[in-house]
2 protein chains.
Amino acid sequence: MKKEVVTLKKLSQILDLSTSTVSRALNDHPDISAATKEKVKNLAKKMHYVPNIFAKGFRQHKTNIIGVIVPNITHYFTTTMVRGILEEAAIKGYRVIISESNNDIAKQTEMLNTMLQFGVDGMLVSLTKMTREIDDVLETLNKLPLILFDKVSSKIPCTQVTINDEQAAFDAVEHLINIGKKRIAIIKEQDFSYTSQKRFAGYLRALKENNIEVDEKLIMSVDDITLENGKQMTSHLLSIKHPPDAIFAITDSAAVGVIQTLKKFNIKIPETIAVVGFSNSRLSTVIEPNLTTIDQPGETIGKNAVKHLIEEIETKSVTISNKMIEIKGALIIRDSTFKA
Amino acid sequence: MKKEVVTLKKLSQILDLSTSTVSRALNDHPDISAATKEKVKNLAKKMHYVPNIFAKGFRQHKTNIIGVIVPNITHYFTTTMVRGILEEAAIKGYRVIISESNNDIAKQTEMLNTMLQFGVDGMLVSLTKMTREIDDVLETLNKLPLILFDKVSSKIPCTQVTINDEQAAFDAVEHLINIGKKRIAIIKEQDFSYTSQKRFAGYLRALKENNIEVDEKLIMSVDDITLENGKQMTSHLLSIKHPPDAIFAITDSAAVGVIQTLKKFNIKIPETIAVVGFSNSRLSTVIEPNLTTIDQPGETIGKNAVKHLIEEIETKSVTISNKMIEIKGALIIRDSTFKA
DNA sequence: CTGAAAGCGCTTACAG
DNA sequence: CTGAAAGCGCTTACAG
């Protein structure tokens, strides 16, 4: 199965040069004459020489591998970020190792450790929902460059790349206000979720700036922001004394559940109750009426995260960089609300 | 940034043993006394010793990395396979490097090569659609264990894991026949797509076994089986002299396009035209009417592929294994057809 | 401009 | 049961 492998040594024997020279020629070292370089490179190409990355990495304490941890790889939005990460990393000559934490803190910790042991040059982490428990991330951060993306936490002192959740949520809710809605419900996650917190903050600010009073009865918090929970919360919202005239679900999945339930009860969308989601997932143009939502540029987020990580890896700056990079999300208005 | 790292040497100095002994103790070599083992292991744990995987891999010509290449990582079905791969690989102590070929032959070739150079122990490949050009895959197969999954090709002599496309398509079409449909159209890809070929074969067999004549006018072939193409082909099918009374689209996306177009023309589903898709994607329960489709157990496929690959890696058997593993898909009947 | 030699951290055949 | 030594394939400070 294993075919004989071409090494530096073999090349050097054939060319009657030392391995040092061959190595330097291949790496374009300025000391080497142009003639030698060409000779070496030609032979290398002819013999399909590929450097043994492990010997190289071992020698240089560098693996050119980036570790990525995401909570759930089956989310469409996550895959768009992953795509951006893969693309940008490939361009810069890095490989990517991906793991899924399944929103499980213990699993996340285990992954941080195995990636560490594996010798990745840096890590890109999208946190589990339990952002309270960040000790292990902090510890990892002490050992190598680490950047948070998408699911981030202000409690971790490192560069973070995310969409501007607060502003995007603000835009979504203000849009509802602009089309005349006054009793706007929100379906969000519990407060441990940083993303949910920020979107909720945007919701509150939009109400406040438009002098609409907050009604606690319209604020639904669930453990897990799924389609199913979207349905349940909607049923509940329909049963209260003064039901809402709009529902802002902080994910598209949940918003789809909202719409399905409203339709079940023959409630007019958006006339009686308007609906806004968040993500611009593929579901949003299949559900009827099509869902007004926030488009999140996943690829851009992924690429940005990689760029900053590689910068930190390659500059090896001891200064801890702690940038907050916010990528803009855009409100996309569809039939589940009105054009203002 | 870099903290002092604990090596075998350091441990051996502290314990006043040779590195050989420490190495063997850590690896549970039978020669080492239980007492020594315990002493060594305790210290290793206390000092948070982690072996340098690169030194190890370099030494043993083994990296414990599996390379994965998929055409498109944003497809939901693909992510479920990836999830299965990650899970199973982690259990067996392997890491996974993922790349996306974007259905581009040149990119796939490039990825095969960089993964090779990267020293992966084996590869899991889901082919681009252009399965005609397989030279590079064949060449890679000569150098290390490689297994095809999902998008496979009978022309490549290696183990392949896929769902039983032919039978699943047969079941789907026979279901249409059972509910009384006689003019069943298919929307498929061009013949270079192996998956499409197999599903088409199932379609043909179902017609044949039920004595239904094939009508070439009902066979639509597109370059790319997208939602948009599903729409276009449906418009076309509606315009022909004798339109179909059922449409089998070989992916859910296309089937969604079919349904959207039929609804636009106020055609009753399933009474006038029934629709079947393939994949059981999330769209299938959001589109209305809900889509009858084939459920593909992605995680099972992923896990199976990893299992077989690791077996090949670890047995290093020179015998080329060439198993065809077919995972069963299941027909899920929803409102876009009738219960038989 | 080129080469000899050391060393990265580990494993393992050989010796005792 | 333990150790000394070689070697995996590369890079690089040192020497010339």
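Each chain gets a letter, A, B and so on, in the order its sequence line appears, and its residues count up from 1.
For CD of A:Glu139, the number of neighbouring non-hydrogen atoms (other residues, nucleotides, ligands) closer than 6.0 Å is 12 at most.
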*Dot-bracket summary - DNA chain C, pairs being Watson-Crick or G-U whose distances fall under 3.5 Å, with | when paired to another strand*: |||.||||||||.|||
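Within residues 12-25 of chain A, the residues that place at least one heavy atom under 4.0 Å from DNA chain D are, in residue-number order, A:Ser20, A:Ser23, A:Arg24.
Sorted by first and then second residue, the side-chain hydrogen bond (donor to acceptor under 3.5 Å, both in side chains) pairs involving residues 88-98 of chain A (not counting sequence neighbours) are A:Lys62-A:Tyr94, A:Glu88-A:Lys92, A:Tyr94-A:Glu314, A:Arg95-B:Thr114.
Using modelled atom types, one finds a donor on one side chain and an acceptor on the other under 3.5 Å when comparing A:Glu312 with A:Thr159. Looking at B:Ser23 and B:Ser20, their side chains never bring a donor and an acceptor atom within 3.5 Å of each other. Under 3.5 Å, the side chains of B:Asp121 and B:Thr63 contain a donor-acceptor pair of N or O atoms.
Remark: P of C:dG9 and CG of B:Leu11 are 13 Å apart, rounded to the nearest angstrom. Spacing between atom NZ of B:Lys37 and atom C1' of D:dC1 amounts to 11 Å, rounded to whole angstrom units. Between A:Leu26 atom CG and D:dG9 atom C1' there is a gap of 13 Å when expressed in whole angstrom units. At whole-Å resolution of the value, CG in B:Asn27 and P in D:dT2 are 15 Å apart. Taking atom CG on A:Asp31 and atom P on D:dA13, their separation rounds to 11 Å, with Å as the unit. Atom-to-atom, NZ of B:Lys10 to C1' of C:dC10 comes out at 15 Å; the value is rounded to the nearest Å. We find that NZ of B:Lys62 is positioned 12 Å from P of C:dT12, with the value rounded to whole Å. Atom C1' of nucleotide C:dG3 and atom CG of A:Leu8 are separated by 14 Å, given to the nearest angstrom.
For A:Tyr49, no side-chain nitrogen or oxygen approaches OP1 or OP2 of D:dG9 to under 4.0 Å.
Listed nucleotides D:dG9, C:dT2, D:dT2 differ in distance to B:Ser33; the shortest reach to its side chain belongs to D:dT2.
B:Glu110 CD to B:Ile69 CD1: the interatomic distance, rounded to the nearest 0.5 Å, is 10.0 Å.
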Tell me which donor-acceptor pairs under 3.5 Å the side chains of residues 302-310 of chain B have, and how far apart each pair is, sequence neighbours excluded?
from: B:Lys303; atom 1: NZ; to: B:Glu87; atom 2: OE1; distance (Å): 3.1
from: B:Asn304; atom 1: ND2; to: B:Thr300; atom 2: O; distance (Å): 3.2
from: B:His308; atom 1: ND1; to: B:Asn304; atom 2: O; distance (Å): 3.0

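A:Arg83 is linked by a side chain to side chain donor-acceptor pair (under 3.5 Å) to B:Asn72, B:Glu100, counting only residues two or more places apart in sequence or in another chain. In this structure, the salt bridge (Lys or Arg N to Asp or Glu O under 4.0 Å) partners of B:Lys41, at least two apart in sequence or on a different chain, are B:Asp28.
Positionally, the nearest nucleotide of DNA chain D for B:Ile32 lies more toward the 5' end than for the other of A:Lys56 and B:Ile32.
One P atom belongs to D:dA13, the other to D:dG9, and the distance between them is 23 Å to the nearest Å.
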